[in-house]
Amino acid sequence: MSTKTETIKIALVGQPNVGKSALINSVGNARLKVGNFSGVTVRKEIVRFNRDGYDFEITDLPGSYSLTDYTIEERVTKKYLDDSEYDLILNVVDSTNIERNLYLTTELLALNKKIVVALNMTDEAVKEGVDIDEVQLGKILGVNCVKTSAVQKTGIDDVIQAIIKTYNLRENRFHLQFSEVFEEEITHIVSFLEEKKIKCKISLKALAIKLLREDKETYLRFHEEPIWTELQPIVNKAYQHLYLHYDTKDLDDIFNDEKSAVAKGAVVETVHFDKEVKQSLTDKIDNLLMHQFIGLPIFLFLMWGLFQLTFEVGSIPMDWIDAFFASLIDGTKSYLGDTELASVISDGAIAGVGAVVLFLPNIVILFLGIALLETTGYMSRVAFLLDGFFHKFGLHGKSFIPLVSGFGCSVPAYMAARTLKNDRDRLLTLFIIGFMSCGARLPIYVLFVGALFTEEQAGNILFLIYISGALIGVLAAKVLKITVFKGDDEPFVMEMPKYRLPSFKLIWHTVSAQAMMYLRKAGTYILLASVLIWFASNYPKQIEMEQEFQVKIEQTQNEETINALTNELALYKLENSYLGIIGHASEPFFAPLGYDWRMAIALETGLAAKEVVVATLGVLYGLGEEHDEESSGLIEKIRANISLPAGISFIVFVMIYLPCLAASMVFMREAGGWKYLGYLFVFTTATAWSLSFVAFNVAQVLT
Amino acid sequence: MKLNELKKGQLATVSEINANRELKNRFNSFGLVKGAIISIDGHSLAKKTMEICINKTHIALRASEAEKIEVTV
Ligand SMILES: Nc1nc2c(ncn2[C@@H]2O[C@H](COP(=O)(O)OP(=O)(O)O)[C@@H](O)[C@H]2O)c(=O)[nH]1
């Protein structure tokens, strides 16, 4: 007899930081699959393994304090528990903080599914003198409770056995006991339903509770039935009793009260606390890190260190990656010859993908830092320290990290915004990250400031550019908050978790997953878009012109003339490519800002990458592509061709308009759709245009 | 009195939460319910944010939210 192995589908649920990830990581020979919950950027991890003839499939749901709609995480968890197919819930609980954790457990019990509770962090609980009678607790809750420690790897097998046992239970009794008053009302309804022989997937008690909770679906179901005329008065009477007893008409209040009471009651009966322990390590560390006066300086110092690391150390492998792709491009070209195919592969695809891979070291280091901040528990303290300032501008304390990362590179900055749990806070932060001038814009500033100002002024002007960018950013946040993201302030209520030494495995796990996600997703979009831009700047082909120039070039021996001719050709080609045509067409749009068509094209190629702006200007002002911001030739040309007001207005535009293609793609993914990229484009372009217009006119009056 | 008027280190009992449903649910899930014993761990520099402790949970909140919690010493 051959039987197919049965699969037990498990939903892993717990409050944040209870050790869910650690727990499934401690199961041997497990296979991990990482994905996203549909439609949101919340990571979904599924772990599969088999034991004792069963296949286990565990879905790690995002940490939730309760089954409400407050954060994306909580919404995802709630939706999954309500709508998805699973056989049982594995509820992980932090034994050192059991009462608060049991609050969630009572909500899970009310779902009337099979449940196993893992009392995790047993090692810490023992140290803190918390003694839990898990057998008694299991009896009260009507579920299997198992003590575990994910760190010391104890109790893991017991959990698996408990799961198998619970899975094989035929019936699924509803055990949750509320207060007497409440139970009485429930019993009334249940006995009525029994009399009427109502059949239901969940137990009648659970059904009665749903009725009392004013659950929409349950109501819809009964509303159509004839029995409703009899049922309604009974339910109404139950409400009247409850309102009277609890002295409130708020059903949520009543239920929350009940849940806390259940949690509290269970703790009183089954948990024994040794006499209060002395000040915990966490409190001691907090005395320092959360100190009214020195807390902030300590944090700023740590941040400074992190960014030094990110951009100093990160630049070393970046140079290698850069060199690697450059040689790959050369290699491809020499291998495939001077053909269209070679060009689209090397200048389009490889160059585009190279630009994405280039940011990888930055991303890995920054995320390592952020993972450390988060897993140690310091991140919440940071938000606490900074919230006062950021809240003035409608931002959240946690916005700080993405915003400051923005000065290095917008790509990791957009990704870092994930630490913001609330949609509106996160979107608002995403929208203004671009105002923090990224590293790639520096060459443009250096070029223009060098051309238009004296050497003594240059440093100050550069500083001014960065500072005013940031200021415009926070002001823009304020404006967006008042206009677009208006509404009540999202509450800032956050747990300050215990400080814990991070485990290497967990950190590696998060960082590598994030890096992979970046490579895979951003890589595909950017590959496509780079090929598109390559096409726009190379087509339509100017074959006749090319031949004409080819002939001319062959005829001369003079180096200089050849250079001039090649450049003239490049200029001609670019001017007549689709990109050039767009540049010319958009000239009227940029005219009020004082730009000619060359500056317009440069800005447009800058949409691909800000580094390209300087190179494009080099081509357009007749110097060939091999120019960077320090070449005196280009500076001369800029000085000769661009007036001071136009230059200032150009700098302002560069400060504000859309970041590079790679960043835009990442923005789109983090914000959740093309729509938002559209808004960002309109918002930044409009702001850039207006401010440049003002800058241009003011500068004209002043000079 | 209101929670934001409580001094550092003082113990108090939550007597009422005057918040909207969302915020109240949030408070409840952290164990901040009527009857819970609460204390203040500290304030940020401008007193715009504060850290409180209930049971074993440390929670950060804004002064504007603390205003919505009534406590008795
Ligand atoms: N002492 C101890 N620490 C644990 C235990 N389980 C997890 N941790 C630590 O608790 C922190 C949070 O764990 P994590 O798995 O990320 O929690 P999650 O948010 O629920 O996935 C990590 O630093 C873990 O190393 C445990 O049983 N004992």
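All values below come from the heavy atoms of this structure, side chains included, with hydrogens, waters and symmetry mates left out.
Rounding to the nearest 0.5 angstrom, the gap separating the NZ atom in B:K34 from the OG atom in A:S260 is 11.0 Å. With rounding to the nearest 0.5 angstrom, the CZ atom of A:R100 is 8.0 Å from the OG atom of B:S29. Atom OG1 in B:T57 sits 5.5 Å away from atom CD in A:E495 (nearest 0.5 Å). Here B:H58 contributes atom NE2 and A:M494 contributes atom CE; the two are 13.5 Å apart, rounded to the nearest 0.5 Å.
Looking at A:Y103, the atoms closer than 4.5 Å to chain B (heavy atoms on both sides) all sit in the side chain, from C-beta outward. Residue contact with chain B, scored on non-hydrogen atoms closer than 4.5 Å, is absent for A:V267. Only the side chain of A:D250 has a heavy atom closer than 4.5 Å to any heavy atom of chain B.
Taking A:E99, A:K264, A:Q15, A:K259 one by one and counting their heavy-atom pairs under 4.5 Å with chain B, the maximum is reached by A:E99. The residue among B:N28, B:I52, B:I59 with the most heavy atom pairs within less than 4.5 Å of chain A is B:N28.
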Determine, step by step, whether A:N256 and B:N25 satisfy the side-chain hydrogen bond (donor to acceptor under 3.5 Å, both in side chains) criterion, reporting the C-alpha distance in whole Å, the side-chain angles of both residues, the deciding distance to 0.1 Å, and the verdict.
-> CA-CA 8 Å; A:N256 288 353; B:N25 279 339; 2.8 Å; yes
Apply the test side chain to side chain contact (heavy atoms under 4.5 Å, CB included) to residues A:V493 and B:E65: give CA-CA distance (whole Å), side-chain angles for both, the deciding distance (0.1 Å), then the verdict.
-> CA-CA 8 Å; A:V493 185; B:E65 282 138 11; 3.9 Å; yes
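Note on B:R21 versus A:D253: no salt bridge recorded, every NZ/NE/NH1/NH2 to OD/OE distance being 4.0 Å or above. The pair A:D387-B:K48 does not meet the salt-bridge criterion, since no charged nitrogen lies less than 4.0 angstrom from a carboxylate oxygen.
The two residues A:T96 and B:K56 have their closest heavy-atom pair at O-CD, 3.2 Å.
Within a 6.0 Å sphere centred on CG of A:D247, heavy atoms belonging to other residues, nucleotides or ligands number 12 at most.
Two residues are said to be in side-chain contact when any heavy atoms from C-beta on lie closer than 4.5 Å; A:D286 and B:D41 fail this criterion.
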